[in-house]
Amino acid sequence: MKAYDFKSVEKKWQDKWEDAGVFHAVDFSEKPKFYGLVEFPYPSGAGMHVGHIKAYSGLEVVSRKRRMQGYNVLFPIGFDAYGLPTENYAIKTGMHPRQVTDQNIAKFSDQLKKVGYSFDWTRVVDTTEEDYYKWTQWIFLQMFDHGLAFRDKTLVNYCPSCKVVLSNEDSQGGKCDICHSDVVQKSKDVWYLRITEYADKLLEGLDEVDYLPNIRTQQINWIGKSTGAFVNFPVKGTDDETLRIYTTRPDTLFGVTFMVMAPEHPMIDKYADRIGNMDAIEAYRKECAKKTEFERTQLVKDKTGVKIDGLTAVNPVNGKEVPIFVADYVMMGYGTGAIMAVPAHDQRDYDFAKEFGIDIIEVIKGGDISKEAYTGDGEMVNSEFLNGLDNKKDSIEKMAAWLQEKGLGEKGVQFKMKDWAFNRQRYWGEPIPIIYCDKCGMTHVPYDELPLKLPKVENFEPGTDGESPLAKIPEFVNCTCPKCGGPARRETDTMPQWAGSSWYFLRYIDPHNDKALADMDKLKYWGQVDWYNGGMEHVTRHMIYSRFWHRFLYDIGAVPTKEPYAKRTAQGLILGPDGDKMSKSKGNVVDPNDVVDEFGADVLRTYVLFMGDYEKAAPWSEASVKGCKRFIDRTYGLQDLLTDKDATDYSAELSSSFHKTVKKVSEDIEAMKFNTAIAALMTLINQIYDNKAINGAELKTFLQLLNPFAPHVCEEVWEAQGWKAEAAANGAEADGLLALIPWPTWDEAKCVDETIEIAVQVSGKIKNRIHVPADIDEAGALELAKADEKVAAALEGKTIIKELYVKGRLVNIVAK
RNA sequence: GCCGGUGUGGCGGAAUUGGCAGACGCAAGGGACUUAAAAUCCCUCGCUGGAAACAGCGUACCGGUUCGAGCCCGGUCACCGGCACCA
């Protein structure tokens, strides 16, 4: 047999699959459906990364297996092409982002096809195409019309000299990265999507989907729901003002010894003229505004703040007057921006109280508050009507009820998740189709005029004034108001990178529809994504965003299911050969193209799945790639061992091995244990080579099992043996291509050997291994075990206390 | 600090979830073929002692439960990921 020439063979089969259209999903097919989804790539200039290969190869194997099992499979691909890297590359090279994107998509498509993935290339989506982003804009406007998209002022890092908004990274040490002048916190108008309104729905939805536990936990933590109470503290020195706070610990209300407001709290400005030390407070606020998030978290231990002169709070439960402080350990963005401080039972309040010499009153027994705050549970003390109660069991409820009854507060819920800041001052994104009219106010582009096209211009560099590049294009900015027909201006910011990817899985179902984002009957046919695989880095971004959009679309009747993804898994990273994360700067990046050129697509696909546990990170090893290369070559070489080509059943020598391997590979693929599935096939091929013969029935099964992993070599051998023609003659689909030949089945009864080897222990220590009939019973096994020489020697002179037989595994004789 | 995860040969990793630790692959060493190299094939390969049969030890560390623990329980250490003054 000639050596296996993967180069010509792989290309040949990729062309044949495409010509036969074997991977095209069929709408409304009678077969059961399977929708497998992988995260579509951002088509960067660097081309594909081996990480993409690992991410895609997992569901590729599942999808190929499903087709062989008779499913109508939708396994699509597309491109998430809006984004900053493309725009920056375009600015650097003088090319247009459109041109860069088209080039990169062509490159990615070519690379993906060379790996032989069974994507349905007739359903490709590109988020930057007009007939795609038309619907991204449509969804945004639906949210706008339902009050979920809104503008609000918020605090951002701002350089007054450069007139730009800066990220935290660009304003370290409170200095502008560009001009080194002091950065201030400034409130600025920003577009938000009201994702917080969906926080509970996103949380509840997790109960009806099958996500890996760590994915589920991360989402729950990200949403960060807490239950507690809002309490209103009357403020002395004001006109009937109350300071509203949120607490998860209403049980500790009797322990309040001071209050804290965030530096940005509005009450400070409202009563500025009654505050005796406003200068000191202003100075403190300025200090805080200069601090970056980074500095704030670095200084966790050192509590700072200023006491407000002239305002005090009254604890509503006991009428006690307590001081109010301004301190930056309280954030404006969570709860009400003010807290009640209970130093005895909160470490942060404790640190602050120690710093400022404030009283610490214990209300829960169990700790030593002279040393640190006690955050555990216990019996209530110093708490009047709560005394003697268990804080957790009774007093939280009792206090909440009491507050409610007296009208001093009420139960409440808070989330860590914030609303989604949705606009970017950049060119390469979906234009936000909002119009500002002096007469009519804020309105939007009519639905039937979508898409609002991104103007094709030469100059798309961002301005120095923090304005979007689109603001510099009068033909874009100036428009007529759709309501009154008068002159109006367009919103010039664009949507963030995460917009287009929040609904792309719906577009695959009906990619060319110009009446709706997708046809409802097709949406109902395909239903949820059955299995979605991607990276952990998207669990708290893309996964949250897209679940939010999908749930909104469900609520307005645009999609038939609440949750988009029935099942979500994640692959582990591929590290560089040095064990570090792959990065250009470290020079440890492996290019999948090089691997395809040198070893072939089958080897690449097999290796990324064989290299380790699919869900864990593993370093790349060139040497190990060669091991997979040998395996593929040996598969091709099986033809030399073919003896009884027309055999219809497995040979006696290999029968149980084949049944066992069919079972193992079938089950392991479902459990994403690709590494052990491949190992089982390697074990089997070693056994075949030892046996020096394989019959036709066995070779067929071997090729079927390996096909999802290494489809090119399998199709090639299948065809070379003439089974393609044979299958076609028997009416098999798509001209007898292995890709659609039915998946093999196994017979549980034939998975067992006639004799098995079991271990014999004496008092838990292995003494020998004996061969026994597979169907032996306990008495028989014990008898044979005791008859063994070594075992008998070990038992010599001892009394047997206990005898155990674990079926098919071992015998343990406990003796003294 | 909080949440989640991991720790097994020289390396990547297996181990039917309490039942023969180290499957499979790599690397290494020895041999065959070859003028030679590559490729291929055969043998060895957890550690210690021994020529060998064999014996002892061994799944991060300490302890426990059990006839039996990589797996379960209690404690400790290390590393990775996420969140982080969230009241």
Side-chain angles (χ1 to χ4, degrees), chain A residues 3 212-222 224-226 228 245-249 252 260 262 293 296-303 327-331 333-342 345-349 351-352 414-418 536-537 539-540 572-573 575 577 579 581 606-607 610-613 615-628 630-631 633-634 637 663-664 667 673 675-686 689 757-769 801-815:
Chain A
L212 288 181
N214 52 336
I215 295 174
R216 184 190 153 87
T217 315
Q218 251 188 58
Q219 290 212 344
I220 290 171
N221 290 344
W222 181 262
K225 183 176 181 170
S226 81
I245 59 95
Y246 173 75
T247 179
T248 53
R249 299 293 304 275
T252 62
V260 185
E293 287 294 322
R296 273 193 164 195
T297 52
Q298 285 306 294
L299 298 170
V300 168
K301 283 285 162 210
D302 307 324
K303 293 285 182 288
D328 68 350
Y329 83 91
V330 171
M331 309 291 154
Y334 184 80
T336 62
I339 61 155
M340 64 178 215
V342 184
H345 305 289
D346 182 288
Q347 192 57 44
R348 293 155 301 176
D349 298 345
D351 293 342
F352 192 88
Q414 283 291 302
F415 296 96
K416 283 191 202 175
M417 190 167 66
K418 304 254 170 51
M536 280 307 289
E537 70 276 17
V539 166
T540 52
L573 287 178
L575 306 172
K581 208 168 167 176
T606 307
Y607 175 66
F610 180 65
M611 63 193 298
D613 184 335
E615 292 173 46
K616 291 196 193 119
W620 185 270
S621 159
E622 172 101 4
S624 291
V625 175
K626 285 181 193 151
C628 290
R630 282 185 198 127
F631 174 56
D633 287 343
R634 273 157 76 85
K663 177 182 171 160
K664 175 84 179 150
E667 292 177 348
K673 293 166 79 173
N675 54 338
T676 49
I678 294 165
L681 288 166
M682 287 174 168
T683 307
L684 183 59
I685 208 170
N686 289 344
Y689 271 90
E757 191 188 68
I758 60 170
V760 182
Q761 299 180 331
V762 173
S763 299
K765 291 228 168 203
I766 300 280
K767 289 297 164 193
N768 206 358
R769 298 177 173 88
I801 298 166
K802 199 172 181 181
E803 296 173 331
L804 292 115
Y805 172 59
V806 181
K807 196 170 186 313
R809 308 234 164 261
L810 57 69
V811 163
N812 188 8
I813 301 165
V814 188

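Residue numbers begin at 1 in each chain, while the letters A, B, ... track the order of the sequences. Keep in mind that what you see is a predicted model, and the values were worked out from it rather than measured.
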*Quick one: Lys616(A) NZ to rG13(B) C1', roughly how many Å, whole number?*
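After rounding, the reported distance stands at 9 Å.
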
*Starting from P on rC26(B), measure out to NZ on Lys626(A) and report it in whole angstrom.*
11 Å

*Is the backbone N or O of Arg634(A) less than 3.5 Å from a side-chain atom of Tyr689(A), with the two atoms forming a donor-acceptor pair by type?*
yes

*asked:* Check whether Ser763(A) reaches the backbone of Ala815(A) with its side chain - one donor and one acceptor, N or O, closer than 3.5 Å.
replied: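 Yes.
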
_Syn or anti conformation of rG9(B), syn meaning chi within 90° of 0_ =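 rG9(B): syn.
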
*Chi-based syn or anti call at rU17(B), which uses purine or pyrimidine torsion atoms and a 90° bound*: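 In terms of base orientation relative to the sugar, rU17(B) is syn.
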
For atom [atom1], what is the distance between [N] and [M], given to the nearest Å?
N	M	atom1	answer
rA15(B)	rG19(B)	C1'	11 Å
rG9(B)	rG5(B)	P	23 Å
rU8(B)	rC62(B)	P	16 Å
rG46(B)	rC42(B)	C1'	23 Å
rC77(B)	rG13(B)	P	26 Å
rU35(B)	rG30(B)	C1'	22 Å
rU59(B)	rG10(B)	P	13 Å

_Side chain of Met331(A), heavy atoms from C-beta onward: which of rC85(B), rA21(B), rA27(B) has the nearest atom to it?_
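When the side chain of Met331(A) is considered, rC85(B) is the closest of rC85(B), rA21(B), rA27(B).
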
*Verify whether one side chain among Asn214(A) and Gln218(A) offers a donor that lies under 3.5 Å from an acceptor in the other.*
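No.
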
*Are Ile215(A) and Met536(A) side-chain neighbours, meaning at least one heavy-atom pair lies under 4.5 Å?*
yes

*asked:* Counting Watson-Crick and G-U wobble pairs with both distances under 3.5 Å, what is the dot-bracket string for RNA chain B, 5' to 3', using [ ] for crossing pairs and | for pairs to another strand?
replied: (((((((..(((......[....))).(((((.......))))).((((....))))..(((((..]....))))))))))))....

*asked:* Please find the pair of heavy atoms, one from Ser226(A) and one from Tyr246(A), that lie closest to each other, and give the distance.
replied: OG-OH, 2.8 Å

*Does Arg809(A) make a side-chain donor-acceptor contact with the base of rU16(B), cut-off 3.5 Å?*
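By the distance-only test, yes, there is a pair.
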
*Looking at rC85(B), does its base get a donor-acceptor pair with the side chain of Lys303(A) below 3.5 Å?*
yes

